[in-house]
Structures are given as C-alpha cells and as structure tokens.
S.K.: 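First the structure, which I've put down as structure tokens, then a few questions once you've had a look.
Here is the naming used below: chain letters follow the sequence lines, and residue numbers restart at 1 for every chain.
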Protein chains: 2
Amino acid sequence: MSEKQPRTRIQQKNRELILEAALDVFSTEGFRGATLDQIAAQSGLSKPNVLYYFSSKEAIYTQLLSQLLDTWLDPLRALESDGDPIDEIVDYALRKLEMSREFPRESRLFANEIVQGAPRILDQIEGPLRDLVNAKAAVISDWSSAGRIAPVDPHHLIFSIWSTTQHYADFDVQVRGILNPEGESHFNDAQTFLKLLYTRLLSPGAP
Amino acid sequence: MSEKQPRTRIQQKNRELILEAALDVFSTEGFRGATLDQIAAQSGLSKPNVLYYFSSKEAIYTQLLSQLLDTWLDPLRALESDGDPIDEIVDYALRKLEMSREFPRESRLFANEIVQGAPRILDQIEGPLRDLVNAKAAVISDWSSAGRIAPVDPHHLIFSIWSTTQHYADFDVQVRGILNPEGESHFNDAQTFLKLLYTRLLSPGAP
DNA sequence: GTCTATAAGGTGATAGAC
DNA sequence: GTCTATCACCTTATAGAC
C-alpha cells in the first residue's frame with residue numbers, strides 16, 4: 001500500500017532530499033503549479049533520478065501529505081480533559097501558532113490542498129480528522145456544561161483556533177505586507193493577542 | 001492601461017461570461033492549475049474566442065483580481081469611528097462572514113493568490129490595503145485608549161476577523177467534512193459564535 | 001544509480017477561412 | 001465575431017546506455 005521501503009543509506013538520503021525540495025515547491029505552487037523540473041533542481045538531482053525514487057509526481061505529493069497530517073494533529077491530541085480548561089485551550093492555540101511559525105511550508109501545503117477542494121486528502125478529513133475533532137469537541141462541551149468555561153460552540157471554537165493561527169503561515173505575505181516589518185517578527189504580538197482572545201472568550205461569567 | 005472598453009452589447013455579455021467562468025475555474029484550481037480549455041468550456045465559448053476578448057490567460061486573471069479587491073474591502077471601509085465601538089467591530093465581522101457565505105469563490109481566489117505568495121497582487125496589498133487597514137486600526141486604537149473597548153492590538157484583531165470569517169469559505173470542504181451536514185448550513189452557528197467571540201474580547205473590564 | 005534522449009500528451013496562443 | 005487547424009512550448013514519464 002505504501003512506497004517501497006528504502007534500503008541503503010543513500011536511498012534514504014535521496015528520498016529525504018526529494019521530499020524536502022518537494023515541500024518547498026508544492027507549498028508555494030500547489031500540486032498543479034509545481035513541476036518536476038523545479039523539484040529536481042531544488043533537490044540537486046536530475047529529473048529522471050527523482051522519478052527513480054518516486055513513481056510519479058503525485059506519489060511525491062501524497063507521500064508528503066499523509067506523513068504531514070499526522071504531525072499536524074499532534075497539538076490537538078495533546079489537549080487533555082484533566083487539565084485546567086482555559087489553560088488547555090489557550091495552550092492548544094499557542095501550540096498551533098508555534099507550528100505556523102516553525103512549519104509554515106507544511107501549513108501552506110495543506111492550505112493549498114484544502115482551498116482547492118482537498119481532492120487528494122478528503123478521506124483523511126472525513127475519517128481520522130473528523131473523529132479526533134469530535135472527541136475533543138466533546139471534552140470542551142463537558143467543560144462548558146460543568147460551568148468551568150463560558151458556554152461556547154466547541155466545533156466553531158476549534159475552527160477559530162485553526163484559522164487564527166494558521167493565518168500567520170498561510171497569509172504570511174499579506175500580514176507582512178501590512179505590518180511592514182523590516183525583518184522583525186510579529187509572532188510575539190500574535191501570541192499575546194491570541195492568549196487574550198481565548199482567555200476572554202472562555203472566562204466564566206460572560207453573557 | 002486597462003483592457004479595451006467593451007462597445008457592443010454582445011461584447012459586454014461575452015466578457016462577463018468569460019469572467020464568470022474564469023472565477024469558477026481560477027478559484028478552485030489556482031492560476032497555474034486553471035486551463036483555457038476549462039474556462040472556454042465553462043463559458044460556452046471556444047478557446048480562440050476567449051482569447052479574442054482577452055489577450056491572454058493572465059489578462060483574465062488580473063482583471064478578475066483587481067476588480068474584486070475593491071469589493072472585498074467594502075466591509076472594512078464601512079467601519080465608522082462614530083458608531084458604538086463593539087457594534088461596529090462585531091458588525092464588521094458579520095459582514096465579512098456574509099461575504100464568505102455569498103462569495104466563496106472570490107474568497108478562494110484571493111486565498112489561492114496569497115498562499116502562493118501573492119505574485120500578482122502584492123503591490124495592491126502593500127499599497128491601498130495597507131493604508132486602509134492602518135486607518136481603521138487607528139480608529140480601533142482610539143477606542144481602546146478611550147476605554148470604550150478592552151485593550152487589544154488592532155492589527156491582530158483585524159487579522160483574526162479576516163481569518164475566522166474567510167475560513168468558512170476557503171476551508172469550506174474541511175468544515176463540511178467535519179460537521180458533516182447533509183446540506184444544512186453551519187453559517188448560523190458560525191454567526192452566533194463570532195458575535196460571542198468578539199463581544200467577549202472587546203467588552204471593557206477584561207484583564 | 002544516474003545519465004542523455006525522447007516519447008506522448010497537454011497547453012497557451014496564433015493564422016486564416018468564413 | 002467565431003470557427004478549424006495548427007504551431008511552439010512545456011511537462012510528465014519512460015527507454016536504454018553507462
């Protein structure tokens with residue numbers, strides 16, 4: 001079902017070179033916009049050589065997507081039902097923001113895929129992702145019922161955390177174009193803002 | 001500087017047919033992913049005929065982009081300094097959400113463009129968009145200083161409104177894949193959530 | 001394992017008849 | 001204004017020498 005297993009050290013190394021280059025190219029050009037020429041040039045290998053390690057352009061892309069989705073959901077998996085509710089949710093948002101800072105290419109790869117209708121990853125969304133989200137939404141819902149956080153729609157809360165945090169990776173060009181920072185990072189301000197946003201939203205005693 | 005002016009009624013009609021079809025195709029495939037064949041088929045015209053009305057594929061795309069950016073910013077322009085601060089900001093968010101509901105293709109067109117580095121619209125972002133955002137951020141900042149809303153970073157507040165609202169258009173496939181609605185709309189829940197989110201964020205008396 | 005050469009099909013754009 | 005035919009280029013993928 002998966003790609004052939006790498007055997008030698010050089011095979012392993014070259015496969016990683018290709019995936020690293022492909023992440024660069026696919027994340028900024030999308031699947032259709034990327035070319036094997038670009039990936040080959042970026043990886044330092046020849047085009048036929050790239051196709052020696054992966055059977056097709058699509059094989060590289062789907063390999064990237066599937067191995068990334070797992071890591072991408074780690075922050076949500078880490079949301080625990082036995083912690084302090086507001087801390088758990090705020091920390092989740094901050095972990096997601098940290099992912100946008102550290103792995104913007106991965107975020108944009110997913111963004112490209114989803115904006116274009118998720119033709120190659122829809123199954124994963126309606127399966128594993130959906131289940132995980134529903135499980136965590138139930139946890140949040142319990143906190144809400146118990147009065148430990150202000151009443152809130154758990155699914156839309158999760159969507160808002162995704163969108164506000166991934167925005168700093170996916171729309172990075174726009175954010176920087178507006179804030180016009182000469183190299184300085186806006187992530188600290190974003191962090192402060194998001195902490196405030198979700199603390200105020202969830203603190204009990206709101207309407 | 002712009003395209004040739006349409007003269008006859010049939011020219012006007014065909015140009016609109018093409019732009020409408022192009023919006024469909026570009027918004028789901030991105031610039032590189034879209035083909036003239038698709039646009040021609042979708043518009044009901046032949047491929048050479050499409051190129052009779054627009055000099056190139058790129059001409060269609062840039063025409064779409066520039067005429068859309070203007071409408072896209074209308075909700076922000078409508079934010080007035082002499083209204084009730086919280087109402088103004090919440091209403092702005094709701095207007096943006098309404099745009100996502102009514103014009104998801106336009107939202108995705110921009111999303112595709114920005115995620116891929118905004119190669120054809122960066123000037124507009126660093127120019128008119130930046131100026132408008134800074135002007136409105138100043139208004140919000142004044143409200144904050146006057147104690148009429150809780151202290152908040154105005155730029156990141158605007159970013160969060162963009163991201164949370166456009167998410168329902170740009171990541172529509174994901175949202176529906178998770179909520180799994182059999183045709184029923186989730187926009188009402190989104191509306192309730194966003195109203196809550198920004199009301200709680202901005203109500204004076206928060207930490 | 002890596003290369004050059006090339007096949008095979010797609011794609012943007014133009015020519016020229018009507 | 002619209003069509004058919006077609007060019008020139010790009011892109012994925014394979015063949016086969018080394």
S.K.: Within 45 degrees of the ring normal and closer than 6.0 Å to the centroid, is that where the cationic atom of K57(B) sits relative to F31(B)?
M.R.: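 Geometry flag: set, cation within 6.0 Å and 45°.
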S.K.: Is D24(B) salt-bridged to R108(B), going by a charged N under 4.0 Å from an acidic O?
M.R.: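 Not counted as a salt bridge, because no side-chain N and carboxylate O are separated by less than 4.0 Å.
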S.K.: Please report, rounded to the nearest Å, how far the P atom of dG10(C) is from the CD atom of E29(B).
M.R.: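 Whole-Å distance recorded here is 15 Å.
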S.K.: With a non-hydrogen cut-off below 4.0 angstrom, is A40(A) in contact with a base, only sugar-phosphate, or nothing?
M.R.: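 Contact class for A40(A): none.
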S.K.: Using modelled atom types only, decide if a donor and an acceptor are shared between the side chain of K136(A) and the backbone of L79(A) within a distance under 3.5 Å.
M.R.: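 Yes, K136(A) side chain to L79(A) backbone: donor-acceptor pair under 3.5 Å.
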S.K.: Which whole-number value in Å describes the distance from L45(B) CG to dT4(D) P?
M.R.: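 These atoms are roughly 13 Å apart.
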S.K.: Do any side-chain nitrogens or oxygens of Y52(A) fall under 4.0 Å of OP1 or OP2 in dG1(C)?
M.R.: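 For dG1(C), OP1 or OP2 has a side-chain N or O of Y52(A) closer than 4.0 Å.
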S.K.: Test the R15(A)-F54(A) pair against the cation-pi criterion, namely NZ or CZ under 6.0 angstrom from the six-membered ring centroid and within 45° of the ring axis.
M.R.: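 Satisfied, under 6.0 Å and within 45°.
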S.K.: Round to a whole Å and report the spacing from NZ of K47(A) to P of dT12(D).
M.R.: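 Distance check: K47(A) NZ to dT12(D) P gives 7 Å.
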S.K.: If only side-chain N and O atoms of T8(B) are considered, is one of them under 4.0 Å from the OP1 or OP2 phosphate oxygen of dG1(D)?
M.R.: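 It does, given that an N or O in the side chain of T8(B) lies less than 4.0 Å from OP1 or OP2 of dG1(D).
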S.K.: Less than 4.0 angstrom between a side-chain N/O of R32(B) and OP1 or OP2 of dT11(D), yes or no?
M.R.: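 Checking dT11(D) against R32(B), a side-chain N or O does come within under 4.0 Å of OP1 or OP2.
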S.K.: Rounded to the Å, how far apart are N49(A) CG and dT4(C) P?
M.R.: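 Answer to the nearest Å: 11 Å.
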S.K.: Where the side chain of K57(B) is concerned, which of dG12(C), dC3(D), dA5(C) is the nearest nucleotide?
M.R.: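 Minimum distance to the K57(B) side chain belongs to dG12(C).
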S.K.: From NZ of K13(A) over to P of dT2(C), roughly how many Å is that when rounded to an integer?
M.R.: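 Rounding to the nearest Å, NZ of K13(A) and P of dT2(C) are 13 Å apart.
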S.K.: Can you check whether S46(B) has a side-chain N or O nearer than 4.0 Å to OP1 or OP2 of dC3(D)?
M.R.: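 Affirmative; the distance criterion is met.
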S.K.: On DNA chain C, does the nearest nucleotide to D37(B) precede the nearest nucleotide to I10(A) from the 5' side, or the other way round? Give the residue.
M.R.: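 It is I10(A), whose closest nucleotide lies nearer the 5' terminus.
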S.K.: How many Å lie between CG on L51(B) and C1' on dT6(D), as a whole number?
M.R.: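 Result: 14 Å.
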S.K.: For the residue pair Q116(A) / N112(B), report whether a side-chain donor-acceptor contact shorter than 3.5 Å exists.
M.R.: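 Present: a donor and an acceptor within the cut-off.
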S.K.: Quick one: is N14(A) getting a side-chain N or O under 4.0 Å of the dT2(C) phosphate, OP1 or OP2?
M.R.: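 Yes, because at least one side-chain N or O of N14(A) sits under 4.0 Å from OP1 or OP2 of dT2(C).
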S.K.: Atom CD1 of I60(A) and atom P of dT11(D): how far apart are they, to the nearest Å?
M.R.: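 Interatomic distance, CD1 of I60(A) to P of dT11(D): 15 Å.
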S.K.: From the options dA15(D), dG12(C), dA15(C), select the nucleotide whose nearest atom is closest to the side chain of P48(B).
M.R.: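 Nearest nucleotide to the side chain: dA15(C).
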S.K.: Between Y53(A) and dG1(C), is there a side-chain N or O to OP1/OP2 distance below 4.0 Å?
M.R.: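 No, Y53(A) has no side-chain N/O under 4.0 Å of OP1/OP2 on dG1(C).
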S.K.: To the nearest Å, how far apart are E58(B) CD and dG12(C) P?
M.R.: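 After rounding, the gap between these two atoms is 12 Å.
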